[in-house]
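Working notes, beginning with the structure itself.
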Amino acid sequence: MKQIGERLRGLRDVLDIEVSEVARLCGISEEQYLEMENGTGGLSVANLQKIAKEYGISLDVLMFGEEPHMRNYFLTRKGQGLHVERRKAYNYESLASGFRGRKADPFIVTVEPKPEDTPKEMNSHSGQEFNMVLEGEMELTIGNKVLTLSEGDSIYFDATQPHGMRTLNGKQVRFLAIIF
């Protein structure tokens with residue numbers, strides 16, 4: 001997270017962007033944005049995607065510090081995708097980090113269980129999203145609708161709607177997430 005924060009700060013410095021502008025783009029306070037830059041606040045892939053699109057850089061550059069190079073195909077072997085731990089309980093494995101100009105961002109997301117009284121963190125972003133549960137169960141909220149997804153279940157939804165998830169039964173959940 002600290003490395004992502006450093007890249008965010010570097011982007012702002014190079015493009016001479018005010019903290020207030022990036023915070024407004026992300027829909028968060030300036031203090032929350034500065035926590036992202038310092039590596040002490042929660043980083044959301046949705047916010048990183050908003051920043052990447054707004055300022056014309058690859059999401060991979062923000063997340064992994066590398067520009068994608070492959071144009072025809074990019075192969076990711078099992079367990080070999082680039083990893084980023086967004087928060088302590090969330091691990092994202094990018095499945096297409098080396099493909100240049102891609103139209104979607106596929107990830108394997110692993111989420112560790114939290115106490116049941118922990119509030120769900122909701123977010124939204126442009127485009128659409130596909131989730132397919134590979135292991136475990138999760139509760140997914142989209143707008144006011146609460147859905148339970150089990151292993152093998154999938155959902156495709158409008159990602160501009162506020163959405164958030166949590167694990168069920170005190171067990172880890174792994175799912176394929178594709179953000180379009």
Side-chain angles (χ1 to χ4, degrees), residues 1-8 36 39 41-53 57-116 118 120-142 146-159 161 163-180:
M1 283 184 25
K2 280 196 177 297
Q3 291 172 335
I4 294 172
E6 289 170 7
R7 288 189 282 275
L8 286 171
M36 286 173 54
L43 287 168
S44 88
V45 172
N47 280 337
L48 293 176
Q49 187 179 47
K50 287 176 191 176
I51 293 167
K53 283 184 180 181
I57 64 167
S58 167
L59 180 62
D60 295 314
V61 171
L62 288 179
M63 291 182 73
F64 308 112
E66 296 180 16
E67 183 72 43
H69 300 288
M70 302 304 291
R71 293 180 193 271
N72 294 329
Y73 70 90
F74 182 76
L75 173 65
T76 303
R77 299 282 184 198
K78 181 178 180 179
Q80 298 300 306
L82 290 177
H83 287 266
V84 65
E85 191 174 281
R86 183 178 77 141
R87 292 187 303 259
K88 188 170 179 143
Y90 284 75
N91 184 321
Y92 285 76
E93 178 184 359
S94 177
L95 301 179
S97 62
F99 191 85
R100 182 179 214 135
R102 66 183 175 273
K103 308 258 187 271
D105 288 302
F107 298 95
I108 298 290
V109 182
T110 304
V111 183
E112 298 299 328
K114 294 181 183 177
E116 290 208 19
T118 304
K120 229 181 273 175
E121 183 176 314
M122 303 291 280
N123 68 63
S124 62
H125 50 88
S126 64
Q128 300 167 339
E129 188 167 329
F130 171 82
N131 294 167
M132 180 175 183
V133 178
L134 304 172
E135 176 185 304
E137 283 188 304
M138 70 177 183
E139 180 182 276
L140 177 67
T141 301
I142 303 171
V146 179
L147 305 158
T148 299
L149 282 77
S150 299
E151 191 171 311
D153 293 345
S154 64
I155 188 165
Y156 192 102
F157 61 94
D158 175 359
Q161 298 298 306
H163 57 280
M165 62 80 55
R166 69 179 179 102
T167 65
L168 293 176
N169 306 318
K171 295 183 179 173
Q172 168 184 287
V173 67
R174 289 181 65 239
F175 63 97
L176 171 66
I178 304 174
I179 301 170
F180 300 91

_Return the CE to CG distance between M36 and N47, rounded to the nearest 0.5 Å._
5.0 Å

_Walk me through whether V173 and L168 qualify under side chain to side chain contact (heavy atoms under 4.5 Å, CB included)._
CA-CA 8 Å; V173 67; L168 293 176; over 6 Å; no

*Could you grab the distance from atom CG of L134 to atom CZ of R174, nearest 0.5 Å is fine?*
5.5 Å

*Among M165, E139, M138, the one residue meeting side chain to side chain contact (heavy atoms under 4.5 Å, CB included) with L149*: M138

*Of all the heavy-atom pairs spanning G170 and P113, show the shortest one and how long it is.*
O-CG, 3.4 Å

*Distance, nearest 0.5 Å, that separates CG of N91 from CD1 of I108*: 10.5 Å

*Pair F130-L176, side chain to side chain contact (heavy atoms under 4.5 Å, CB included): steps then yes or no*: CA-CA 8 Å; F130 171 82; L176 171 66; 4.2 Å; yes

_So which atom in S97 and which in R102 form the shortest heavy-atom distance, rounded to 0.1 Å?_
O-NH1, 3.8 Å

*Backbone N/O of M122 and side chain of H163: donor-acceptor pair under 3.5 Å*: no

*Passes side chain to side chain contact (heavy atoms under 4.5 Å, CB included), E137 versus K171? Steps please.*
CA-CA 8 Å; E137 283 188 304; K171 295 183 179 173; over 6 Å; no

*L48 versus L8: any side-chain heavy-atom pair under 4.5 Å?*
yes

*State, to 0.1 Å, how close V133 and F175 come at their nearest heavy-atom pair, and which atoms those are.*
CA-CB, 3.8 Å

*Find the distance between OH (Y92) and OG1 (T110) and round it off to the nearest 0.5 Å.*
10.5 Å

_For a quick test of reading the model, state the closest non-hydrogen atom pair linking E151 to E135 and the distance between them._
OE1-CA, 3.8 Å

*Decide side chain to side chain contact (heavy atoms under 4.5 Å, CB included) for T118 and R166; before the verdict, give the C-alpha distance in whole Å, the side-chain angles of both, and the deciding distance to 0.1 Å.*
CA-CA 9 Å; T118 304; R166 69 179 179 102; over 6 Å; no

_Nearest-0.5 Å distance, CD1 of residue I178 to CD of residue E129_ = 9.5 Å

*Working to the nearest 0.5 Å, report the span between CD1 of I179 and OG of S126.*
9.5 Å

*Taking all non-hydrogen atoms of both residues, which atom of K114 and which atom of T167 are closest, and how far apart?*
N-OG1, 4.2 Å

